[in-house]
Structure formats: structure tokens, C-alpha cells
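Here is the structure we will look at.
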Amino acid sequence: MIEVRDLVVERGRRRVLHGISCVVPAGSVTGLLGPSGSGKTTLIRAVVGVQIVRSGSVTVLGKPAGSAALRRSVGYVTQAPSVYADLSVRENARYFAALYGLGATEADQAVADVGLKDAAGQLVGNLSGGQRSRASLACAMIGKPQLLVLDEPTVGQDPVLRAELWGRFHALAAAGTTLLVSSHVMDEAGRCDRLLLIRDGLIIGDDTPAAIRADAGTDDLEEAFLRLIRSQQGAAA
Amino acid sequence: MIALATTGRILRQLRHDRRTVALLLVVPALLLTLLYFMYEDTPHTFDRIALIMLGIFPFTIMFLVTSIAMLRERTSGTLERLLTTPLRKTDLLFGYGLAFSLAAVVQGAVATGVAYGLLGLDTSASAGLILLIAVVDAVLGVAIGLLCSAFARTEFQAVQFLPVVVVPQILLCGLFVPRSQMAGWLQAISDVLPLTYAVDALGSAGATMWRDVTIVAGAAVVALILAAATLRRRTP
């Protein structure tokens, strides 16, 4: 589904990704976890094809990332909610629906799916941060993309809604959608089918949560992440 | 289709911002009224200046509004997102062009209505033709605004493009000093500034007027093409 090979990205003079290679399988929820500043957003931008890359390749659905043919099949939710603050939730959704040649029915469905039915008539600018990012999520789900790339979609959501959103992600994956979800909160890692652990622009773990726990010899993913970092630093020293 | 949806979206954004709509519609008419009282004793001067202002107002205002609107699109992340959807760059630019041109039609209708109806503006060309030229001038403002927004990172910077890009054109368009009395080199600069033709069109008639309008429209198209080149799907 997504294949990243030897990806090197520089932003300004800083090298942000140091030759990353990984694969995201189809029909699963893959979590991209790492501390802030580790290169999550840069990797995500490379996958949706908006990042200028120095070298290496990113292939999505068999095509180079960012190809015109992929624009119908990849949905992208940026970290800061990229919806129009001076439009209502419904108006935002209907505009994004129109970009995919879809109508009001699909737009209103997506708004209901993220739990914003009652707030549909409100201006996005008047919503809470959590509601705003759900509005942004709704706009990405409308086109029923084969790949959904979500940059920290659950930040600021209340625990009940967060659980609902993860439920929805898994329902989408069960229906065949592939999801790449970034997060800096380790307690979300356990909800993913697969994990990509990223730190300082390097992938330090790429497996199922169970395998990562087993390898590190701990049930706690946060602790497992720590042990992975230490073993890497030990190997480097 | 996507372009029209974009136009609709921009007009809806505008509709939610009632104060901006009110300012867009009322300010040019108010400024014309101010001119009327300034030149109460010399109606011919009022006719000359008000006519030129009917072209300068839509150009300036639409330049400002568009460059800020497009800058917001860039800084809010919506532009990055839009460029990952099936939307083409021309859809976006056409959407903006059409939306603000429609706003300019309404604005121009109010301004010319007040100028001819209440203030007794007297011109050789008909009010309808003047309105048409005013709208073409607004389109030029929109196109240059879309282009300039690419060179601003903040709204502070975007506003600074007004004195850089718009004011020199107003100074050299023949409003303050007739172009025939300018030094040669100033005239040469004035010759390549599109607003010169926008103002010239208002005062002329027949073939010259249509030539001027064509030049202004051509300059708008060139600015739109350059603006399209500044929209990058991939950024550093």
C-alpha cells in the first residue's frame, strides 16, 4: 500500500529524515508514533506528496506519492485543522464533497460520522479544538479514500470520543481502507494493528504492538519504546 | 464544476463576514460622496476625478481583499490540503477570480449608482460601460492580489504590498499629473503599468477604450498565469 525506500528529507539546513524505509500494509491501521519533532509530520507529508524530498522514493498504491491519479484515493488530515473557520461545518463538508464530485448526502453523512451532526450549522471558528479537528477529519472521509493519512487526529478529544474515533478507524480498515495515523501519545499505540516508531528521523521499530512488547520483554509500550531507544543508543556507542 | 464550487465557497465565506460585505459595498460610495463635497464648486473637476476613482477603488480594494484571502488559504493549511484533492490550480484561481469579480459587480453597481444617480456624475461614456470597465479593473486587482500573496508570509507583509504594488500605479496613472506632462522616463514606466490603461479606458471612447480594456484584461490573465506558477503542490 505504502512503500517508503531510503527516504531522505531536509527542511531548511536540517536533515529531518535520515534514509527511512518502511512498508504500510493495506487494510490496516498503522500508527506512526514518536515524540514531537521526530519527523512524523515530514514523513506524512512525503506520503501525501506535498513534501520536497532530497532522495529516496515513496510509492502509494503502486504509484509515486503525489501522482495526479492518487488525489482521488488518498485523504489527508493535517495536524492543524485545515478547514475554513468562517464557514459552518456543513458548508465545509459540502465544499470538500464537491471537490470529489459528491453531493450533500455524502457530506452530511461524514459530518454525522464524526459526531458533529448537532454542530453542523455552527461556524468552525466557534467550535472547540476537538470539534474543529473532527470537522477536518469529516472533510477527508467524504471521498471514501483507499488511504487515509491522519496527522494527530485525536489530540484534544475527550476519552469517549477518542475511543469512538478509534472504533471508526478500525471499521474503515475492516472495510478495506488503509489508515496511517500519527500520534505522540503512547497509550494510543496499543490501538493500532501495526506500529512505526520514529525518533530523530529514524525508524526504530516496525512491527505489531504484540511483537514489539514481546521483543522488549515488557507489556508497557511506553517502556518498550524506551528500551528500543536505549538498545539503539547502545548499538551506536 | 470544481471551480464553480470554489466560487460558491468563497462567496459563502464572504457572506458570513457581514462587516466586510458592508465595507466593500459602502466605502467606495462614501468616498465618492466625500469627493463630491470637496469639489462642490468645481463640478468638472469632480467629474474627472470621480470617474478615475470608479476604476481605482475596485482595483485597490479587490487587490487587498484577494491577497489577504489567498494568504489565509496558504497559512491555514487549506491550500496544502486542497492541492492533495482532485482540484486543479486553475480551478482555485478561476474560483477566486469569479467570486471577487461578482463581488466587484455588486460593489461597482452601488458606486456607479450613487455617482450617477445621487452625485450627478457626468461622463461622455455611459454608466453601463463605466461599470464594465470598473469590473475589469477589479479583476486586474484580484489577479495581481493572487500573485502578490505568494510573496508574503504574513498578513503584515501582504498589506505592505499595497504601497509597493498599487500606490506607484495610482501616482503614475495620470490622476495627479497628466501623462503627457510627465518626464520621459516616468511616462515610460507609466506605459508598462496596467492601471494606466484601466484609468485611460474610463476617459476615452470607442476603439481606444476597447484597446485599453483589452490590455487590462490581458494583464490580468498574465498575472493569473504567474499566480498559477506560484502554487506549488510540493513545498520544502
Worksheet item: Are there more than 12 heavy atoms of other residues, nucleotides or ligands under 6.0 Å from atom NE2 of His170(A)?
Response: yes

Worksheet item: Between atom CZ of Arg94(A) and atom CZ of Arg12(B), what is the distance when rounded to the nearest 0.5 Å?
Response: 9.0 Å

Worksheet item: Checking Tyr76(A) against chain B: side chain, backbone, both or neither under 4.5 Å from a heavy atom?
Response: both

Discussion item. I need the residue from Arg15(B), Arg233(B), Arg72(B) with the largest number of non-hydrogen atom pairs under 4.5 Å to chain A.
Written reply: Arg233(B)

Worksheet item: Which of the residues Leu99(A), Val77(A), Leu70(A) is involved in the greatest number of heavy-atom pairs with chain B at under 4.5 angstrom?
Response: Leu99(A)

Response to the item:
Among Pro145(A), Ser136(A), Ala140(A), Ala98(A), the residue with the most heavy-atom pairs under 4.5 Å to chain B is Ser136(A)

Item to complete: Tell me, out of Met1(B), Arg232(B), Glu73(B), who's got the most heavy-atom pairs with chain A below 4.5 Å.
Response: Glu73(B)

Worksheet item: Should we say atom CZ of Arg88(B) is surrounded by more than 12 heavy atoms from elsewhere, each under 6.0 Å from it?
Response: no

Worksheet item: Most heavy-atom pairs under 4.5 angstrom with chain A, which of Leu87(B), Leu82(B), Leu83(B)?
Response: Leu82(B)

Worksheet item: So, for Tyr100(A) and Pro86(B), which heavy atoms are closest and what is the spacing to 0.1 Å?
Response: CE2-CD, 3.4 Å

Worksheet entry | Within 6.0 Å of NZ in Lys144(A), more than 12 heavy atoms from elsewhere | no

Worksheet entry | Top contributor to chain A interface from Thr85(B), Leu14(B), Ile2(B) [non-hydrogen pairs under 4.5 Å] | Thr85(B)

Worksheet entry | Arg45(A): partners by side chain to side chain donor-acceptor pair (under 3.5 Å), with sequence neighbours left out | Gln51(A), Glu80(B), Thr235(B)

Practice prompt. Compare all side-chain heavy atoms of Cys139(A) with those of Arg81(B) and state whether any distance is below 4.5 angstrom.
Written response: yes

Worksheet item: Should we count CG of Asp158(A) as having more than 12 external heavy atoms under 6.0 Å?
Response: yes

Practice prompt. Check each atom of Thr84(B) against the heavy atoms of chain A and say whether the ones under 4.5 Å are side chain, backbone, both or neither.
Written response: both

Item to complete: Tell me the residues of residues 78-89 of chain A whose non-hydrogen atoms fall below 4.5 Å from those of chain B, in number order.
Response: Thr78(A), Pro81(A), Ser82(A), Val83(A), Tyr84(A), Asp86(A), Leu87(A), Ser88(A)

Worksheet entry | Residues Glu91(A), His16(B); criterion side chain to side chain contact (heavy atoms under 4.5 Å, CB included); working and verdict | CA-CA 11 Å; Glu91(A) 287 169 334; His16(B) 283 295; 2.7 Å; yes

